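To start, the structure itself, in structure tokens.
If you're wondering where the values come from, they're calculated on a predicted model, not measured in any experiment. We use all heavy atoms of the structure for the numbers below, so side chains are in, but hydrogens, waters and symmetry mates are not.
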Number of protein chains: 2
Amino acid sequence: MRVPTVLGAKQDAETPAANRSRDAASTRLLLLKAARRRFARHGYSTTTVRDIAADAGVNVALINRYFSSKEGLFEACLRQVGEDLGRPAGSTTTIEHTLEKMLTRVADQPSGDHTMQLLLLLRSSGDDRADQIRLSTLRSFTEGIATSAGWQAGSADDDKLLLRAQIAMATALGVVLLRSSTGLEPLASATAEDLRDPLGEVLATLVAPTGL
Amino acid sequence: MRVPTVLGAKQDAETPAANRSRDAASTRLLLLKAARRRFARHGYSTTTVRDIAADAGVNVALINRYFSSKEGLFEACLRQVGEDLGRPAGSTTTIEHTLEKMLTRVADQPSGDHTMQLLLLLRSSGDDRADQIRLSTLRSFTEGIATSAGWQAGSADDDKLLLRAQIAMATALGVVLLRSSTGLEPLASATAEDLRDPLGEVLATLVAPTGL
DNA sequence: GCTCTATGTAAACAAGTGCTGACTTAGGCA
DNA sequence: TGCCTAAGTCAGCACTTGTTTACATAGAGC
């Protein structure tokens with residue numbers, strides 16, 4: 001009674017290639033998803049292409065077919081994250097809205113997709129091009145925060161505000177990393193509610209315009 | 001005119017085994033130092049034992065002789081960091097003193113020893129025992145922060161204070177990681193002075209008793 | 001039904017990995 | 001001086017890694 005898989009259908013990582021019949025786009029997505037999890041959780045060099053392929057329920061050689069190399073797959077993951085995170089920049093959003101979005105992302109469950117995205121920004125393959133993508137993603141994201149806090153690129157001493165936005169980003173990333181990769185309690189299993197107050201205070205202290 | 005190396009003499013990592021003649025303790029230290037840098041900067045699986053040995057100016061096989069395995073060397077690094085960081089716990093220190101110490105550590109130059117120590121706490125080899133050491137180091141360190149802020153283990157809802165101390169730790173680690181492993185400016189080349197104000201505010205917001 | 005191409009499979013290769021065992025050598029000591 | 005042990009060296013093994021190459025096959029178009 002299995003219907004043929006449609007393109008882009010949700011596939012649980014646990015039951016990978018259950019019903020999938022020679023659909024290139026679909027296997028590409030399976031690989032991307034599995035790779036993002038592995039890379040985010042264990043880093044680039046720790047994860048093997050065989051691991052990723054197994055998670056995706058797909059033959060190893062297809063990684064090279066669809067992404068040229070392990071490196072290419074990593075870059076693709078990074079680009080995807082960049083697209084997902086790059087959106088909310090722009091001065092039209094209020095600082096409250098921006099911080100709220102950061103809060104929900106950080107407070108996501110440690111194995112959730114948002115967590116994986118943020119973690120990936122901390123992983124490096126050593127390759128220059130990948131590092132470039134990561135850097136520009138981080139830059140545009142932190143500039144988005146700063147902008148919504150009143151920052152204008154170029155204005156000399158407002159570099160301080162950009163610096164503060166980057167420290168806010170560092171806090172977010174640090175919390176996510178500590179939550180997911182060490183079992184440090186109570187942080188590791190703190191709920192979104194638990195985190196809201198302290199994290200909110202920190203972010204407000206850093207970049208809320210009244211706080212300056 | 002070279003004098004024989006005394007035990008524990010400082011050895012620049014750039015000129016490793018210049019004058020050193022069959023001194024086991026000294027080569028052990030050379031290996032530890034080189035390993036800590038490599039592991040902290042590039043992670044466990046990225047660094048090879050041959051890299052470490054080369055940095056230390058020492059034969060590869062000596063790693064296994066002195067530390068049993070690559071894993072053993074990693075654990076030794078972790079233990080060393082635990083000893084160095086474990087000291088300043090205790091309720092005798094004031095919160096100001098504790099935060100001051102954190103500040104100077106985080107604001108250390110991105111290639112400095114303090115930075116390496118903190119970075120190492122974010123690296124994992126996947127081995128359970130190593131992870132245990134890392135976790136207990138993080139735990140004791142964050143408990144030290146919380147304690148100097150008035151926390152008493154066990155008191156029920158003061159878990160909030162411990163959580164705040166752990167978020168403070170996350171901030172510190174996040175800043176260090178972002179500074180050293182991405183070239184994100186202006187954070188990457190911010191001076192200690194640049195960082196003092198914003199970081200100080202964040203830490204105070206989190207764990208300064210008056211801030212509650 | 002037949003064919004032809006996109007998709008997937010299987011096996012193997014070259015390079016690099018951690019680690020080991022047999023060897024050499026420096027340097028203290030009788 | 002001449003051992004003798006600790007310290008260091010060297011070559012290679014067993015294994016994993018990313019990648020490639022040759023092959024199998026599903027499924028659309030005729």
Quiz item: Side chains of A:Ser125 and A:Glu71: donor-acceptor distance under 3.5 Å anywhere?
Solution: yes

Quiz item: Looking at side-chain heavy atoms only, is the closest gap between A:Thr182 and B:Asp131 below 4.5 Å?
Solution: no

Quiz item: Which part of the nucleic acid, if any, lies within contact of B:Ala61, taking any heavy atom under 4.0 Å across all strands shown: a base, the sugar-phosphate backbone alone, or nothing?
Solution: base

Quiz item: Across the strands shown, which category fits A:Phe67 at heavy-atom distances under 4.0 angstrom: base, sugar-phosphate, nothing?
Solution: nothing

Quiz prompt | Between P of C:dG8 and CD1 of A:Ile63, the distance in whole Å | solution = 13 Å

Practice problem: Indicate whether OP1 or OP2 belonging to C:dC19 is found under 4.0 Å from a side-chain N or O atom of B:Asn64. | Solution: yes

Quiz item: Is the shortest side-chain N/O distance from B:Ser69 to OP1 or OP2 of C:dG18 below 4.0 Å?
Solution: no

Self-check item: Residue-phosphate contact under 4.0 Å: B:Thr27 side-chain N/O, D:dG8 OP1/OP2
Solution: yes

Quiz item: Would you say the side chain of B:Arg50 and the base of C:dG16 hold a donor-acceptor pair, judged only by whether the two atoms sit under 3.5 Å apart?
Solution: no

Quiz item: If you check every side-chain atom of A:Thr48, which of C:dA26, D:dG18, D:dT9 has the closest atom?
Solution: D:dG18

Quiz item: How is B:Thr47 classified with respect to the nucleic acid when contacts are heavy atoms under 4.0 Å: base, sugar-phosphate, or nothing?
Solution: sugar-phosphate

Exercise. Would you mind checking if A:Glu75 and A:Arg134 are paired as a salt bridge, meaning a charged N to carboxylate O distance below 4.0 Å?
Key: no

Quiz item: Within the distance-only criterion (no hydrogens, no angle test), does the side chain of A:Lys70 pair as donor or acceptor with the backbone N or O of A:Thr47 below 3.5 angstrom?
Solution: yes

